[in-house]
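Here's the structure we're looking at; comments come further down.
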Amino acid sequence: MSNSESGHEKPLDFIRQRVSEDLLTGKHSTPVTRFPPEPNGFLHIGHAKSICLNFGVAREYNGRCHLRFDDTNPSKEESAYVQSIKEDVKWLGFDWGKNLFFASDYFDKLYEFALELIRKEKAFVCCLTADEMREYRGTLKEPGKESPYRNRTVEENLKLFQGMKEGKFEEGSHVLRAKIDMSSPNLNMRDPIIYRIMRAHHHRTGDTWCIYPMYDYTHCLSDALEAITHSLCTLEFEDHRPLYDWVLDTLETPCHPQQIEFARLNLTYTVMSKRKLMRLVADGHVTGWDDPRMLTVSGLRRRGYTPASIRNFCHEIGIGKKESWIDMGVLENAIRNDLNEKAPRVLGILDPLKVVITNYPEDQVEELAAKNHPQNPDMGVRKIPFSREIYIEHTDFMEDPPKKFFRLGIGREVRLRYAYFITCESIVKDEATGEILEVHCTYDPATYGGNAPDGRKVKGTIHWVSAAEALPCEIRLYDRLFNVENPDSDKEVDFKEHLNPDSLTSLPNCMVEPSLADAEPGTCFQFERQGYFCVDAKDSMPGAPVFNRTVGLRDSWAKVKK
RNA sequence: UGGGGCGUAGCCAAGCGGUUAAGGCACCGGGUUUUGAUCCCGGCAUUCGGAGGUUCGAGUCCUCCCGCCCCAGCCA
């Protein structure tokens, strides 16, 4: 079985090895995984890694993957997030089928399980304040102290817990705690809270409840209730596994899923935590959660990343237990690779410089054939207009170019992609500023289409658009949000100090070929010699298109220049 | 002088005691090219955090040491 979209075999990661073993030994016949987001924010590339893992394992081993919202904290959660999360998972190419669940679906059962815990003398109602609780918990090195409420009778606990449920107590005054071991070196086992009072409106259960179960208690039971076989989570939950197992061992549950932890994704030149992403939005450093600079799924989508590129990326980086920093270049490479294959090629000018072809007839317009993809003839050809006045890229002209500059300069000849060879004869400058206003060239009619019948070669081929027919548009150039590899690393300096001031450059006066007039929002193109661009899904209007640069082409000329 | 993890090239990552330590990214050469793109070919760890030990043989097993990450929310 291949676990790769590209078909190349890749060794199984340690989780897939484990799943394979469990299938081989007959421990399970079908793997069941789950992706358990909390609906309190938008999904980001780190979640995508988890989604690809969980849904990927299910797909590869003919199992299933549940989408389960971990909605046990109504003070932070909203149904709007549920909607966006579902859309993002679908967009990434995964399908949970009928297996859509909410932890809140299990509130009744969870309550019953709590009763069972109390009856087994494995849980008690504690009336310590939050501060007292902290003191009693002990420290990393010193054991905790048992709560004075720890030895209440079953009857007393039952009555109190029911009172909690019925709203008889103040928020914070009572909690239900598991009775485990206050001297455990693992803090999670020091009589952890499993229920707290919270008078908040829940997005699904409304005001039915005023007590809500905690993550550690809820998650393992939800997994068991759904017959999850492999519960995959990130490394920071490793210390919680003993508690996960304790709950399931103590209670009569249908099964006991195996929790397995893997390293979360870190990427250079960005931040990943929801809290920090939230701050970027709240403080106006980006335009929203779907700002194309954000590594949220919605931001990546708007930037022009394809689902396949994100899946390939997640596949390439692999799954392990080592804390790692993936270079942003790997993500960029993933989208280049995908778009190189799929994106139709077009011509577009970011920084227009007018060229007048002095020996070309005025009022003549030719329709020239251009390939939509040089390596893939199936993508066809299109016609682009050519005329006496065209625009070229400002950076493709130098008045006094160095030897290795293959583009246009006075007296130099270049090829206009799919058109003709032109030679620069003179330039027109603004006398006051010295700015180059126009470049005057002559063309060689014999080089129609870009081939010289005399066999003469030209070093450079540049792109262009016909001035009269060009479509004016706005192009947004995006760059990395931060200008240091790890904005988080310095504890003395706030991560926002490292924001890249040039992460967005808006170019309002760009010119692209007319075929782009009807491009649908979200579609991606390669602007030849520039990079990949997609029609912005929000701000682009018919007649006033806006393109986002997804990623630039590799540019070895940029290296030569240095 | 708590507990749990992790250390293989600049960045990821295979390796599961026995040929010359996979692969990708990055980087450096060379070729093709009407995108300085793509594509192709070649180079890139005498060495696996360190030191000992076991073994005919160790990145893989043992011991000790070093470094990094996580845990003291009524968050997930």
Side-chain angles (χ1 to χ4, degrees), chain A residues 8-13 17 36-38 40 70-73 75-77 126 128-130 133-135 137-144 171-177 183-190 192-198 212 214-216 218-219 233-242 261 263 268 274 316-330 332-334 336-337 340-341 345 347 370-371 373-375 404-407 415-419 421 447 449-451 458-463 485 526-531 552-560:
Chain A
H8 295 300
E9 286 303 326
K10 197 178 172 177
L12 296 183
D13 57 68
Q17 284 183 28
E38 183 187 13
N40 70 344
D70 231 326
D71 54 351
T72 58
N73 186 349
S75 68
K76 292 183 172 179
E77 296 149 8
C126 185
L128 253 23
T129 65
M133 192 94 64
R134 190 166 24 249
E135 278 176 40
R137 188 155 35 226
T139 68
L140 293 178
K141 292 180 183 174
E142 299 153 21
E171 227 173 80
S173 64
H174 296 62
V175 293
L176 184 70
R177 291 225 256 167
S183 65
S184 170
N186 182 343
L187 296 256
N188 297 121
M189 298 300 269
R190 319 241 261 228
I193 294 171
I194 59 179
Y195 265 95
R196 78 286 213 189
I197 297 170
M198 199 180 268
Y212 291 93
M214 300 285 287
Y215 166 83
D216 284 310
T218 307
H219 202 87
C233 63
T234 43
L235 250 27
E236 68 271 27
F237 291 102
E238 215 150 16
D239 286 342
H240 295 241
R241 180 153 31 95
E261 309 83 11
T268 57
K274 271 188 209 171
E316 267 166 36
I317 60 176
I319 300 291
K321 294 195 71 156
K322 187 167 74 173
E323 188 204 357
S324 61
W325 287 85
I326 308 293
D327 197 292
M328 182 67 87
V330 179
E332 293 169 346
N333 196 56
R336 273 196 203 99
N337 286 159
N340 176 47
E341 239 174 79
R345 264 105 250 233
L347 303 183
K371 292 174 183 166
H373 191 123
Q375 282 80 36
K404 296 184 99 174
F405 184 81
F406 302 154
R407 288 108 98 147
R415 169 163 42 230
L416 294 175
R417 180 83 159 151
Y418 298 126
F421 286 11
T447 57
N451 292 302
V458 94
K459 268 281 185 58
T461 299
I462 64 174
H463 56 108
E485 282 204 350
Q526 184 198 92
F527 288 11
E528 291 205 29
R529 303 208 308 129
Q530 291 289 358
L553 250 32
R554 264 202 203 84
D555 185 3
S556 55
W557 166 241
K559 284 174 201 159
V560 174

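Worth knowing before you read on, the calculation uses all heavy atoms, side chains too, and leaves out hydrogens, waters and symmetry mates. Note on naming: letters A, B, ... go to the chains in the order of the sequence lines (proteins, then strands), and numbering restarts at 1 for each one.
Take A:P374 and apply the side chain to side chain contact (heavy atoms under 4.5 Å, CB included) test, not counting sequence neighbours, and it matches A:R345, A:R417. Taking the salt bridge (charged side-chain N to carboxylate O under 4.0 Å, His left out) definition, one finds that A:E332 meets it with A:R480, sequence neighbours left out. Residues passing the salt bridge (charged side-chain N to carboxylate O under 4.0 Å, His left out) test with A:R137: none are found, sequence neighbours excluded.
Looking at A:R241 and A:E261, a side-chain N of the basic residue comes within less than 4.0 Å of a carboxylate O on the acidic one, giving a salt bridge.
When the nucleotides B:rC11, B:rG4, B:rC12 are ranked by their closest atom to the side chain of A:D327, B:rC11 comes out on top.
Comparing A:E142 and A:Y418, the nucleotide of RNA chain B nearest to each residue sits closer to the 5' end for A:E142.
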Please write out the pairs of protein N or O atoms and N or O atoms of nucleotides 36-43 of chain B separated by less than 3.5 Å, giving the distance to one decimal.
| unit_1 | atom_1 | unit_2 | atom_2 | d |
| --- | --- | --- | --- | --- |
| B:rG36 | OP1 | A:R529 | NH1 | 2.9 |
| B:rG36 | O3' | A:S556 | OG | 3.3 |
| B:rG36 | O2' | A:S556 | N | 3.4 |
| B:rG36 | O2' | A:S556 | OG | 2.8 |
| B:rG36 | O2' | A:W557 | N | 3.2 |
| B:rG36 | N7 | A:R407 | NH1 | 2.3 |
| B:rG36 | O6 | A:F406 | N | 3.0 |
| B:rG36 | N1 | A:K404 | O | 2.8 |
| B:rG36 | N2 | A:K404 | O | 3.4 |
| B:rA37 | OP1 | A:S556 | OG | 3.1 |
| B:rA37 | N1 | A:Q375 | NE2 | 3.2 |
| B:rU38 | OP1 | A:R554 | NH1 | 2.2 |
| B:rU38 | O2' | A:N340 | ND2 | 2.9 |
| B:rU38 | O2 | A:Q375 | NE2 | 3.3 |

Could you write out each protein N or O paired with an N or O of nucleotides 14-24 of chain B at a distance under 3.5 Å?
| unit_1 | atom_1 | unit_2 | atom_2 | d |
| --- | --- | --- | --- | --- |
| B:rG15 | OP1 | A:Q17 | NE2 | 3.4 |
| B:rC16 | N4 | A:Q17 | OE1 | 3.3 |
| B:rC16 | N4 | A:Q17 | NE2 | 2.7 |

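Following rounding to the nearest Å, A:H219 (NE2) and B:rA76 (P) show an atom-to-atom distance of 12 Å. Residue A:E528 contributes atom CD, which lies 12 Å from atom C1' of B:rU33 at whole-angstrom precision. As a whole-Å value, the separation of A:R241 CZ from B:rG3 C1' is 13 Å. Taking atom CE of A:M189 as the reference point, atom P of B:rG4 lies 13 Å away to the nearest angstrom.
Judged by distance alone, the side chain of A:D327 and the main-chain N or O of A:T268 form no donor-acceptor pair under 3.5 Å. A donor-acceptor pair under 3.5 Å is absent between the side-chain atoms of A:E528 and the main chain of A:L347, judged by distance alone. Judged by distance alone, the side chain of A:R190 and the main-chain N or O of A:S184 form a donor-acceptor pair under 3.5 Å. Judged purely by atom type and a 3.5 angstrom limit, A:T447 uses its side chain to pair as donor or acceptor with the backbone of A:F421. Proximity of a side-chain donor or acceptor of A:E77 to a complementary backbone N or O of A:N73 within less than 3.5 Å is detected. Using a distance-only test at 3.5 Å, with no hydrogens or angles considered, no donor-acceptor pair links the side chain of A:T234 to the main chain of A:E236. Looking only at distances, no side-chain donor or acceptor of A:K321 sits under 3.5 Å from a matching main-chain atom of A:L235.
When Watson-Crick and G-U wobble pairs are counted only if both distances are under 3.5 Å, B:rU46 pairs with no nucleotide at all. Base pairing of B:rC74: no nucleotide in any strand meets the Watson-Crick or G-U wobble criterion (both distances under 3.5 Å). B:rG67 and B:rC6 make up a base pair, with Watson-Crick or G-U wobble contacts both under 3.5 Å. Summarising the base pairing, B:rC11 is matched to B:rG24 through a Watson-Crick or G-U wobble pair whose two defining distances lie under 3.5 Å.
For B:rG30 and B:rG15, the P atoms lie 36 Å apart once the distance is rounded to whole Å. The same atom, C1', is picked in B:rC56 and in B:rC27; the two are 41 Å apart, to the nearest Å. Separating the P atom of B:rC62 from that of B:rG17 is a span of 12 Å, rounded to the nearest Å. One C1' atom belongs to B:rG5, the other to B:rC44, and the distance between them is 32 Å to the nearest Å. If you take atom C1' in B:rU8 and the same atom in B:rA45, they sit 9 Å apart, rounded to whole Å. Distance check on atom C1': B:rA13 versus B:rA9 gives 11 Å, rounded to whole Å. Distance check on atom P: B:rC40 versus B:rU33 gives 16 Å, rounded to whole Å. Rounded to whole Å, the P atom of B:rC28 lies 40 Å from the corresponding atom of B:rC66.
In terms of phosphate contacts, A:K322 brings a side-chain nitrogen or oxygen within less than 4.0 Å of OP1 or OP2 of B:rU8.
Heavy atoms from other residues, nucleotides or ligands lying under 6.0 Å from NZ of A:K371 number 12 at most.
Across all strands shown, A:T72 has heavy atoms under 4.0 Å from sugar-phosphate atoms exclusively, and none from any base.
Between A:H240 and A:Y215, the ring planes are perpendicular. Angles over 60° get that label, and only those under 30° would be called parallel.
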* To do: Encode nucleotides 65-74 of chain B as B, S and - characters from 5' to 3', where the letter depends on protein heavy atoms closer than 4.0 Å: B to the base, S only to sugar-phosphate, - to neither.
  => ----SBBBSB

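With its glycosidic angle within 90° of 0, B:rG73 is assigned syn.
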